[in-house]
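Notes follow once the structure below has been shown.
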Amino acid sequence: MAKTFAITAEPIDPDTLKRRLEADHAGACVTFEGWVRSLNEGEAVDALEYETHSAIAAREGEAVIAEARERFALVAAEGVHRVGKLAIGDCAVWVGVSAAHRGAAFDACRYIIDEIKHRLPIWKKEHYEKGATAWINCATQATSEPSPLE
Amino acid sequence: MAKTFAITAEPIDPDTLKRRLEADHAGACVTFEGWVRSLNEGEAVDALEYETHSAIAAREGEAVIAEARERFALVAAEGVHRVGKLAIGDCAVWVGVSAAHRGAAFDACRYIIDEIKHRLPIWKKEHYEKGATAWINCATQATSEPSPLE
Amino acid sequence: MIDVTAHYFAVFRERAGCESEAVSTSSQTAAEFFDEIAGRYGFADRRDRCKVAINGALAAWDSALASGDEVLFFPPVAGG
Amino acid sequence: MIDVTAHYFAVFRERAGCESEAVSTSSQTAAEFFDEIAGRYGFADRRDRCKVAINGALAAWDSALASGDEVLFFPPVAGG
């Protein structure tokens, strides 16, 4: 089976990735991109650093994609997470799915990114304009967007 | 205010459109593309023809985008619907939104495409391999994916 | 009697055999006028699944018609 | 006593001051070993928010340890 999830230190190319979702019987394509924001919890962020255990993260990502294909009527599903040092505006994570109908495409794309965010061994260190750094995780975040998993 | 929704007879270029959603404070980007499928309700489709009333469709599309911006915490939202004769695999409709957080981005993208599909004066005529044609609308479709609006 | 122009789209255009036509009618509202035209050409769709625009903007079915109005009849949209 | 290698990631690596180290331990499970290491370096995160991998694969906290195991401690993930 072709790989459906990758960890990469290179910039993500959404347009090329999206072409892998194409198929004559696909009528809907939903993609998600996570971009590095300039502000988190009110702090001005300069850059982000993502650290991972590549092999375990990639395997867990593949498992998430496989689960989505079991649960939803999909044509294709792919994901990529970038690691290393990223700048504001960089794409940190990309998920794309295609399906015959858009309901399955939306639900699956959301399922995949939610699971990826909560299950993959990927850690985020924020570098602030004032020079400090901080490791960010669910527990340190405000609960403005509670996860369905918690 | 810049236009946020367009009707076009030209091919849709998702990559260029998506760049209009970028902003330093955007952390999530969700896009939807509707592709012409080779099969609808079991019939092999050769091509599709979309007809519209451009001015009213564009105005209603702008209204949908404005509603989404009222309801969800968005950074940007855009949409385009193509009309004329389309081939299998062509992108017929594109919707993209960016937001600080992904929950709003997913919900808004879904809201916009659902409303566009149900409210814009756009009609679809399928050309079948066996030579026949048919105008397609909600009432002629199987209810495999019921709309929340019906 | 008032003189209006009726415009037909998609399946309505095919049924009517033209994109638009001048019509003299005693209908007072968009709804009455739709029913008259639908009866003439055998439009199959229920009116509440269709839409009407008057002079370039979507309008309510109980809108009053006036001479010179451009009345656009929209069959059910593609949806899906 | 068994001899294992402990690997630390992200904030755990910074607290421990190293990426990995050889440890002789009387801990019998991954959970006991985590608590031992967490106490030594002052890891602040509750164990049920952390994960452990043994010899390259995610494992349950009650997994038994054996000499030669590579034990990877993962702090809470970025989430969000």
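If you're wondering where the values come from, they're calculated on a predicted model, not measured in any experiment. First the proteins, then the strands, lettered A, B, ... as listed; each starts at 1.
Salt bridge absent: A:Lys18 and B:Asp15 never bring a charged side-chain N and a carboxylate O closer than 4.0 Å.
From B:Glu22, atom CD reaches atom CD1 of A:Ile88 across 13.0 Å, with rounding to the nearest 0.5 Å.
The contact between A:Val36 and chain B is made entirely by backbone atoms, counting heavy-atom distances below 4.5 Å. Using a 4.5 Å cut-off between heavy atoms, B:Cys109 touches chain A through backbone and side chain atoms alike. Within the 4.5 angstrom heavy-atom criterion, atoms from both the backbone and the side chain of B:Ala100 approach chain A.
Closest approach of B:Arg102 to A:His118, counting heavy atoms only: NH2-CE1, 4.2 Å. Annotation for A:Trp35 and B:Ala23: closest pair CZ3-N, 4.5 Å, computed over non-hydrogen atoms.
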